[in-house]
Chemist: 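Dropping the structure in here first, questions after.
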Amino acid sequence: MDADKKQHELDKRYIRMANIWAENSYCQRRKVGALIVKDKMIISDGYNGTPSGFENICEDENNLTKPYVLHAEANAITKIARSNNSSDGATMYVTASPCIECAKLIIQAGIKRVVYSEHYRLEDGIELLKRAGIEVVYIGLSSAENE
């Protein structure tokens, strides 16, 4: 198997794992999962939710996401900061395309590839990642599960 095909197979597996990890989220409106992989090892993970020590309720009484809810990417990146790992040169697998705020964190964390499985209505995060020279790969979940 050539290197590109092998990488694509790995990408599909990790994106499926990120989707399973999203199930840990307590958020009702949207559950998002993220994994950071370096040298074929998962070095961090995250899902969207409230900060440590807060109640696990993401939406307010109007079913709007509370402003202090952390995105999956931010949770995975900040978890790296509390470990002995470095995200420099890593790949992030995330179930939804990153927003502009998370894209900035991804760039600053030295992540070189982002693989995602669901388009978000705003594309500004993806555009910023591409502008920063980060490889962005879309793998729809149906193709990740069926191939």
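As the structure is a computational prediction, the values presented were derived from the model and not from experiment.
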Chemist: Quick one: does any side-chain atom of Asn85 pair with a main-chain N or O of Ile80 as donor and acceptor, under 3.5 Å?
Modeler: no
Chemist: Of the options Arg29, Arg30, Glu59, which is the one that meets Thr65 in a side chain to side chain donor-acceptor pair (under 3.5 Å)?
Modeler: Arg29
Chemist: Under 3.5 Å, is there a donor-acceptor pair between the side chain of Lys38 and the main chain of Asp88?
Modeler: yes
Chemist: Going through the distances and angles, do Lys66 and Ile57 end up as a side chain to side chain contact (heavy atoms under 4.5 Å, CB included)?
Modeler: CA-CA 9 Å; Lys66 292 178 181 175; Ile57 301 168; 3.9 Å; yes
Chemist: Assess the residue pair Ile42 and Met17 against the criterion (side chain to side chain contact (heavy atoms under 4.5 Å, CB included)); give the C-alpha distance rounded to whole Å, side-chain angles, the decisive distance to 0.1 Å, and a yes or no.
Modeler: CA-CA 10 Å; Ile42 297 170; Met17 291 168 77; 3.4 Å; yes
Chemist: Do side-chain atoms of Lys79 reach the backbone of Gly46 as a donor and acceptor pair under 3.5 angstrom?
Modeler: no
Chemist: Are side-chain N/O atoms of Asp11 and Tyr93 paired as donor and acceptor at under 3.5 Å?
Modeler: yes
Chemist: Okay, side chain of Ser44, backbone of Ile77: is any donor-acceptor separation there less than 3.5 Å?
Modeler: no
Chemist: Using modelled atom types and a 3.5 Å cut-off, is there a donor and acceptor pairing between side-chain atoms of Glu135 and backbone atoms of Gly133?
Modeler: no
Chemist: I would like to know whether Asn19 and Thr95 meet side-chain hydrogen bond (donor to acceptor under 3.5 Å, both in side chains); could you show each step before the answer?
Modeler: CA-CA 6 Å; Asn19 269 283; Thr95 57; 5.0 Å; no
Chemist: Counting only heavy atoms not in Asn62, do more than 12 sit closer than 6.0 Å to its CG atom?
Modeler: yes
Chemist: Identify all side-chain donor-acceptor contacts of residues 98-109 below 3.5 Å with residues at least two apart in sequence or on another chain.
Modeler:
residue	atom	partner	partner atom	Å
Glu101	OE1	Lys104	NZ	3.3
Glu101	OE2	Lys104	NZ	3.2

Chemist: Is a salt bridge present between Glu9 and Lys5, judged by a nitrogen-to-oxygen distance below 4.0 Å?
Modeler: yes
Chemist: Between Lys130 and Ile126, is there a donor-acceptor pair closer than 3.5 Å when you use the side chain of the first and the backbone of the second?
Modeler: no
